[in-house]
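The structure under discussion appears below in the form of structure tokens.
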Amino acid sequence: MEKQRKPKAPSKALVVRLGNTVIQESTATETFVAVIKEIGPSKVANIPEIKVEGLPLVVPHKDYRMQLSKIDEYWYVCTHMSTANKKSLLERIANKLGLEIEVDLI
């Protein structure tokens, strides 16, 4: 008997207002990466409680996780999570750093 896969939910996009800057890329993942880049990957990496499955969200080198997106020549970010989790993480990061942010799922 073949195991049935759970159907994927329809894709959602993120629109992020970070201070006076609006960031919206073609996918939620691209927007998530762009916001982390705008905030500063080293700042995010220095927040010890921001983790994904027990591992740091932002790392300086590619590790065994399959879904790490390159932010720049020095940093990678884990993107293996739902769009809702990306929204929540961005809000937590901004809160920890005292940044004004509004994250909308569309």
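We use all heavy atoms of the structure for the numbers below, so side chains are in, but hydrogens, waters and symmetry mates are not.
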Value rounded to 0.5 Å, distance of CD in Glu53 from SG in Cys78: 7.0 Å

Passing option when Asp104 is tested against Arg17, Lys87, Lys12 for side-chain hydrogen bond (donor to acceptor under 3.5 Å, both in side chains): Arg17

Within one Ile-Leu-Val-Met-Phe-Trp-Tyr cluster: Tyr74 and Ile36, side-chain cutoff 4.5 Å: yes

Inter-residue atom distance Thr79.OG1 - Gln67.CD, 0.5 Å rounding: 5.0 Å

Heavy-atom donor-acceptor pair, Thr31 side chain to Glu25 backbone, under 3.5 Å: yes

Spatial distance of atom CD (Glu100) from atom OG1 (Thr21) [nearest 0.5 Å]: 10.5 Å

Same cluster (ILVMFWY, side-chain, under 4.5 Å), Leu89 and Ile106: no

Glu38 versus Leu18, closest heavy-atom pair with distance: CG-CD2, 3.6 Å

Close side-chain approach of Ile47 and Leu57, heavy atoms under 4.5 Å: no

Reported OG1-to-NZ distance for the pair Thr27 and Lys86, which is rounded to 0.5 angstrom: 8.0 Å

Enclosure of Lys51 NZ (heavy-atom neighbours >12, cutoff 6.0 Å): yes

Under 3.5 Å: donor-acceptor pair, side chain of Asn46, backbone of Ser42: yes

Linked, directly or transitively: Leu105 and Val15 (ILVMFWY side chains, under 4.5 Å): no

Value rounded to 0.5 Å, distance of CD in Glu30 from CD in Gln24: 11.0 Å

Derivation of the side chain to side chain contact (heavy atoms under 4.5 Å, CB included) call for Thr29 and Ser69: CA-CA 9 Å; Thr29 296; Ser69 295; 4.2 Å; yes

Interatomic spacing from NZ in Lys43 to CG in Leu99 - rounded to 0.5 Å: 7.0 Å

Distance-minimising heavy-atom pair for Ala45 and Trp75: CB-CZ3, 3.7 Å

Sub-4.5 Å side-chain heavy-atom contact between Arg92 and Ile50: yes

